[in-house]
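Working notes, beginning with the structure itself.
For clarity, every value in this text was computed on a predicted model and none was experimentally measured.
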Amino acid sequence: MQTNRFVLAGTGSGVGKTTFTIGLMKALQNKGNVVQGFKCGPDYIDPTYHTAVTGRVSRNIDSWMFSHEAVRDIVARASIDADVSIIEGVMGFYDGKSPLSDAGSAADISVVTESPVILIVNCASMARSVAAVVKGFQLLSDKPNIVGVIANQVGSVGHYEIAKAAIEQECGIPVIGYLKREEGIDIPSRHLGLVPAIERGELDSFFDKLGNLIAETIDLDQLIHLTKAPILQESGHLFREEPSRNICIAVARDAAFNFYYEENLALLRAKGATLQFFSPLANEPVPAEADGLYIGGGFPEEFAESLATNTVVKDSIRQVIAEGLPTLAECGGFMYLTEAITNSHGDRYDMVGVIPGEVAMQTKLAALGYREIFGTADNFLIGAEEQAKGHEFHYSKYSGSHNTAAYETIGRFGKKKEGYQEGNLVAGYTHFHFVSNPKLVDNWLTACKKVKSND
């Protein structure tokens, strides 16, 4: 049995992969297809676009952070009732964890999921040389199945025809369409606060415009013909539903805190927890039924003034943490729990204050990359001798003095102690992916059960 599934990968600059991805999603949807989106790598923003266009939650898949079986399980589970699944690549096609291997790259994902590849090639200022670019991508590895090309940044229809002729003669694969150098078709500025803008439908006209443009210059019928792929079967291990544990995890979710891997939430549910969402921005207190607390990443610095004045939710968070509610705060959540956030304009705002020290925004990137995570003896989430994987990406810096790091991480620049741990609070800049070690979910729920039984 077959379905339609493909990796959409890029080779260079120009209108980006996400623009192409959402344009193709909209164009295929307009032809009556149910479309499911996926994103290679640890990216929270791009999947929000996929979700906005398709009406289906987009999923992150990563062949470095978790096993190949888990990658296939996530794809199989999310796309079971979809007509077309589009897996958006990350960076260039072969870019992943290391410059010396394909691990974590879109190329690796294409092999793991048995998905054909559509390559987006930047043709600006090139003619026959474009074929050399495509040939290089074909020859670097014989494992991926590159089945077609989309020409990006062409100057005219004549330019497209030249590039198409060169690629098809030298590379033996079809060029199925193009996009011209044209202003006004790239994704609008990713202003912080993007998620609520998407949820309010403010980008719908842009999606419509892009879908129509893609349909005019790309052969969608040929795309469907080229992207047949075997239906993947879920192993049944990863998301096997367990009996209810009568545990409720309160999850902060709004425009300030919305960076959650969907599979993290799915694993909590599968292992018997119920989730109760609340909004710190709306000054909603931690739900009374909560046995655990999850404050994910996001953009608290953009909403710092509101968060600072919302004393009801701040008081409730301080209270439940003091009472020992097992709490995980990642990146933006970690920032929120410090004493204060200073934004990029130099304005300082008081935050929850359960973590000594404060954070300040800066204009340059403070950290970016994958992380191997090693636990500690007193950590309820990831104990001694336990490991997990995740990533770090932020522009803020923490300044404070404490000797209670939550865990150790290894990244590109070596090992470091990271975060803050005190009692049943685990907080830090690192975003955990629970699929890398589902035992973390068991650890968390066990800790919640223990606290609950002692009440």
Side-chain angles (χ1 to χ4, degrees), residues 1-3 5 7 36-43 47 56-82 85 87 96-97 102-106 108-115 143 229-249 251 260-275 292 294 296 326 328 330 370-375 379-383 385-391 431-449:
M1 296 179 65
Q2 287 186 319
T3 185
R5 181 178 63 250
V7 171
Q36 174 63 47
F38 298 92
K39 175 67 181 183
C40 297
D43 185 311
R56 298 166 62 94
V57 176
S58 182
R59 312 299 178 120
N60 293 84
I61 49 177
D62 193 297
S63 60
W64 179 81
M65 284 203 293
F66 35 91
S67 71
H68 291 181
E69 179 182 75
V71 171
R72 289 189 289 268
D73 275 0
I74 292 170
V75 173
R77 186 166 178 262
S79 59
I80 191 168
D81 58 345
S85 295
I87 304 172
K97 173 66 170 61
D102 292 345
S105 69
D108 197 30
I109 290 289
S110 75
V111 176
V112 170
T113 62
E114 302 177 64
S115 301
K143 294 178 182 179
I231 294 176
L232 300 178
Q233 300 297 324
E234 189 177 356
S235 69
H237 301 143
L238 185 59
F239 298 102
R240 180 182 291 122
E241 291 192 8
E242 299 180 12
S244 172
R245 299 199 194 190
N246 195 29
I247 294 294
C248 174
I249 302 294
V251 182
Y260 296 96
Y261 290 121
E262 189 65 26
E263 271 56 46
N264 281 13
L265 304 180
L267 279 174
L268 284 165
R269 293 188 180 102
K271 289 184 175 291
T274 59
L275 306 183
Y294 192 2
L328 172 62
E330 299 174 325
Y370 284 119
R371 297 292 184 263
E372 296 177 75
I373 310 163
F374 300 86
N379 188 317
F380 77 83
L381 183 73
I382 179 168
E385 310 302 323
E386 293 182 340
Q387 300 178 23
K389 292 180 179 180
H391 83 282
H431 296 270
F432 286 80
H433 205 306
F434 295 159
V435 173
S436 70
N437 183 357
K439 188 175 184 298
L440 270 59
V441 178
D442 290 311
N443 292 347
W444 194 355
L445 299 185
T446 298
C448 292
K449 194 76 172 180

If the condition is side-chain hydrogen bond (donor to acceptor under 3.5 Å, both in side chains), which residues does [X] pass it with, not counting sequence neighbours?
| X | answer |
| --- | --- |
| Asp442 | Arg245, Lys271 |
| Lys439 | Glu386, Asn443 |
| His431 | Tyr44 |
| Tyr261 | His391 |

Going from [atom1] on [X] to [atom2] on [Y], what distance comes out if it is rounded to the nearest 0.5 angstrom?
| X | Y | atom1 | atom2 | result |
| --- | --- | --- | --- | --- |
| Ser63 | Arg72 | OG | CZ | 11.0 Å |
| Asn60 | Phe38 | CG | CZ | 10.5 Å |
| Asp73 | Phe239 | CG | CZ | 7.0 Å |
| Leu328 | Phe380 | CG | CZ | 6.0 Å |
| Ser79 | Glu234 | OG | CD | 10.0 Å |
| Arg5 | Ser115 | CZ | OG | 4.0 Å |

Start with the C-alpha gap between Val435 and Met65, add the side-chain angles, then the distance that decides, and say whether side chain to side chain contact (heavy atoms under 4.5 Å, CB included) holds.
CA-CA 8 Å; Val435 173; Met65 284 203 293; over 6 Å; no
Keeping Lys39 on the side-chain end and Ser58 on the backbone end, is there a donor-acceptor pair under 3.5 Å?
no
Do the side chain of Glu372 and the main chain of Gly390 share a donor and acceptor less than 3.5 angstrom apart?
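It does not hold such a pair.
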Would the number of heavy atoms belonging to other residues, nucleotides or ligands and lying under 6.0 Å from CD of Gln2 be above 12?
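Counting neighbours around CD of Gln2, more than 12 heavy atoms of other residues, nucleotides or ligands fall under 6.0 Å, so yes.
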Does the pair Leu267 and Leu238 meet the rule for a side chain to side chain contact (heavy atoms under 4.5 Å, CB included), with working shown?
CA-CA 8 Å; Leu267 279 174; Leu238 185 59; 4.2 Å; yes
Determine the minimum heavy-atom distance between [X] and [Y], stating which atoms define it.
| X | Y | value |
| --- | --- | --- |
| Ala76 | Leu232 | CB-O, 3.4 Å |
| Asp81 | Ala78 | OD1-O, 4.3 Å |
| Asn379 | Leu381 | OD1-N, 2.8 Å |
| Thr3 | Ala82 | OG1-O, 4.0 Å |
| Ala273 | Leu445 | CB-CD2, 3.8 Å |
| Ala103 | Asp108 | CA-OD2, 3.6 Å |

Ring pair (Phe, Tyr, Trp, His ring centres under 6.0 Å) against Tyr260, all qualifying residues, sequence neighbours excluded
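Once residues adjacent in sequence are excluded, the partners of Tyr260 under the ring pair (Phe, Tyr, Trp, His ring centres under 6.0 Å) criterion are Tyr294.
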Would you say Gln387 and Asn437 make side-chain contact, with heavy atoms under 4.5 Å?
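Heavy-atom side-chain distance check fails, nothing below 4.5 Å.
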If we only count heavy atoms from C-beta on, is the Lys389 to Phe66 side-chain gap below 4.5 Å?
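No, their side chains stay 4.5 Å or more apart.
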Can you tell me which residue pairs pass the salt bridge (Lys or Arg N to Asp or Glu O under 4.0 Å) test with a partner in residues 58-69, sequence neighbours excluded?
Arg59-Glu263
